[in-house]
Amino acid sequence: MSLKLNTASGGSISLQETNTASNFTATLPAATGDVMVSGNMPAFSAYASANQNITSSTWTKVTFDTEEFDTNSNFASSRFTPTVAGYYQINGATNGGNSATMTRSMIQIYKNGGGYKYGADLSPTGSNGGTTVSSIVYLNGSTDYVEIYAFITGTTPSIFSNSSLVYFNGSMVRGA
Amino acid sequence: MFEKLKSLYPSLTDSDFDPIKGTITLQNDSDGKGDYIAKWEHPTLARPTDEELA
């Protein structure tokens, strides 16, 4: 059975709290099908649990080998490929703290294999250079994907492994 | 790749590889295939051949 509530233009519908212990749950609408509600918007989070040695002055895909959560099984091989079209808040962070020295540290969101949004551009003087990126990205729910790339200029550049310093996460914020 | 290019062309500096303004972009997709030249727009130096990079 379904219940549909209609209101004329300018009118309103009020929902009144329940008064019995057995009917406190209201799902409007149900978290299924094409309707995006908080219960079925894809979200993921992963981090690097191993140091990653890279080449100086080379944009390198960061390896995030440990998942914290992946609600829709859309994260694999350090790549997020959502199966639901929409707008996604994408966040990434890297840290070159395992390098001997650094003079430049950057991060970038790559979309479909190409650079898309730059993050913080640092010119560190020592061996610490944490940088972050954050952006809303439209993903078509089939072929679009995003990855995180890092760029370090320095000697023996290496990306740190740390769940709170080197991470990649995101979540849908609006359906297509 | 970075060291190889600087060896082939000693005139190259870090600014040529600048992530924003550089004319050369090197990339590694962490797929086991190693570093490669993603963009070469240097105004005077020719893009090296595969043989030169081998």
Side-chain angles (χ1 to χ4, degrees), chain A residues 46 48 50-65 76-79 92 94 96 99 101-124 129 131 133 145-159 166 168, chain B:
Chain A
N51 294 337
Q52 183 178 357
N53 298 327
I54 67 175
T55 304
S56 181
S57 299
T58 301
W59 283 106
T60 303
K61 179 182 170 180
V62 181
T63 300
F64 300 95
D65 57 352
S77 301
S78 303
R79 173 184 294 181
T94 66
S99 309
T101 64
M102 279 187 296
T103 57
R104 196 76 177 268
S105 179
M106 282 194 75
I107 187 172
Q108 190 174 185
I109 295 171
Y110 269 51
K111 179 180 178 182
N112 300 333
Y116 188 65
K117 297 291 184 186
Y118 287 107
D121 181 2
L122 302 182
S123 298
T131 180
V133 64
Y145 60 90
V146 286
E147 301 162 308
I148 296 295
Y149 277 64
F151 181 102
I152 296 174
T153 299
T155 53
T156 60
S158 181
I159 299 169
V166 182
F168 181 19
Chain B
M1 179 66 72
F2 177 68
E3 293 300 330
K4 183 73 175 178
L5 289 172
K6 291 183 78 172
S7 175
L8 278 172
Y9 296 123
S11 62
L12 289 175
T13 66
D14 285 346
S15 64
D16 293 302
F17 301 91
D18 186 283
I20 304 294
K21 302 173 183 174
T23 57
I24 301 169
T25 298
L26 304 181
Q27 190 164 310
N28 186 317
D29 298 323
S30 296
D31 54 3
K33 297 179 180 178
D35 302 341
Y36 63 93
I37 299 171
K39 181 187 81 173
W40 187 280
E41 296 176 349
H42 196 281
T44 58
L45 300 176
R47 180 178 180 134
T49 64
D50 290 342
E51 291 72 24
E52 290 174 315
L53 295 173

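Order of the sequence lines sets the chain letters (A, B, ...), proteins ahead of strands, with each chain counted from 1. Just so it is clear, the structure is predicted and the values come from calculations on it, not from any experiment.
Among all heavy-atom pairs drawn from B:F17 and A:F151, the shortest one is O-CZ, 3.2 Å.
Between the side chains of A:T153 and B:D14, not a single donor N or O lies within less than 3.5 Å of an accepting N or O. Side-chain contact annotation: B:D29 with A:Y149, donor-acceptor N/O pair under 3.5 Å present.
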- side-chain contact (heavy atoms from CB on, under 4.5 Å) between A:Y110 and B:Q27: does it pass, once the steps are laid out? CA-CA 12 Å; A:Y110 269 51; B:Q27 190 164 310; 3.2 Å; yes

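Under the 4.5 Å side-chain criterion, counting only non-hydrogen atoms from C-beta, B:L26 is not in contact with A:S57.
Separation of atoms OG (A:S78) and CG (B:D31) is listed at 11.5 Å; rounding is to 0.5 Å. Expressed to the nearest 0.5 Å, how far CE of A:M106 lies from CG of B:D18 amounts to 8.5 Å.
Here the side chain of A:Y118 pairs no donor or acceptor atom with the backbone of B:I20 at under 3.5 angstrom.
When each of A:T58, A:T63, A:D121 is scored by its heavy-atom pairs under 4.5 Å with chain B, the top score falls to A:T58.
Interface remark: A:Q52 contributes side-chain atoms only to the contact with chain B (heavy atom separation under 4.5 Å).
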